[in-house]
Amino acid sequence: MRCGIVTFPGSNCDHDCLHVAQSVMGWDARLIWHKEKKLPPLDLVILPGGFSYGDYLRCGAIARFASILPAIQKFAAKGGLVLGICNGFQILTEAGMLPGKLMRNRSLRFICEYVDLKVEHADSPFTRRFTAGEKVQVPIAHMEGNYFADTETLNRLEGEGQVLFRYCDKQGEIVEAANPNGSLRNIAGICNESKTVLGMMPHPERCSESILGGEHGRRLFESIQSWVEERV
């Protein structure tokens, strides 16, 4: 399993992802500098969390022009798996690889806490080790995690099964009180039509070991590995 984690100026979760990929999952993983123009042979590209280019203009707005982005877009167009976490999700929307935008949290404050997520679909490369409808706990840490899209886009995402994660309460119910940032329809993570590109605000890499208080995030990485192994 070959994984590349892209490092931008301001990335701060790249080494977290590298640790999980290498030490937890045992993958052949490496960091890829944003100025590179080619990708090595990979099965997965991760765009990690952080504050790429200082989050100037808008989160991800400058990173979408990074030298490595055309290679990532080409990789995704050929069916390669791409995972964007937090700032990585923001970059994917700015680059047009996922629809919608991430706006300022409705509280206008940075949020760092564990949240409950409902897994909406288990038929993607990223969720196949979960059960549709189950509830998991994953931490968030963001200022701009408020997902927005027009009604037509939202309905299309729903109809095509592209909403993979939603904020929920302790009982797994999708209620406004469980929405930490104002995201429309409590959306926490979406994928593209082919379900090979996932953007999510919560941080699975921060809950992939019991020493960190939970391992729900590890199943996302196990899902990816399982999907890739079936195709090798």
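All residue numbers refer to positions in the sequence shown, counting from 1.
- Look at Arg128 and Glu230 and you find a salt bridge, because one of the NZ, NE, NH1 or NH2 atoms lies within 4.0 Å of a carboxylate O, short of that distance.
- Looking at Ser124 and Thr127, their side chains do bring a donor and an acceptor atom within 3.5 Å of each other.
- When only modelled atom types and interatomic distance are considered, Tyr147 and Asn186 share no side-chain donor-acceptor pair under 3.5 Å.
- Both Met103 and Ile190 belong to a common hydrophobic cluster when Ile, Leu, Val, Met, Phe, Trp and Tyr are linked at side-chain heavy-atom distances under 4.5 angstrom.
- In this model, a donor atom of one side chain and an acceptor atom of the other lie less than 3.5 Å apart for Asn87 and Gln90.
- Taking 4.0 Å as the cut-off between side-chain N and carboxylate O, Glu134 and Arg219 count as a salt-bridged pair.
- Residue Arg129 holds its CZ atom at 4.5 Å from OG of Ser226, rounded to the nearest 0.5 Å.
- Between Arg58 and Glu144 there is no salt bridge, since no side-chain nitrogen of the basic residue lies less than 4.0 Å from a carboxylate oxygen of the acidic one.
- Classification of the Phe8-His34 ring pair by plane angle, with boundaries at 30° and 60°, yields tilted.
- Side chains of Asn179 and Arg185: no donor on one and acceptor on the other come within 3.5 Å.
- Between Phe130 and His216, a ring centre-to-centre spacing not shorter than 6.0 Å is recorded.
- A salt bridge between Arg106 and Glu176 is present, with a side-chain N of the basic residue lying under 4.0 Å from a carboxylate O of the acidic one.
- Leu47 and Leu57 fall within the same hydrophobic cluster, defined by Ile, Leu, Val, Met, Phe, Trp and Tyr side-chain heavy atoms under 4.5 Å apart, directly or through other members.
- With no hydrogens or angles considered, a side-chain donor-acceptor pair links Ser194 and Asn192 at under 3.5 Å.
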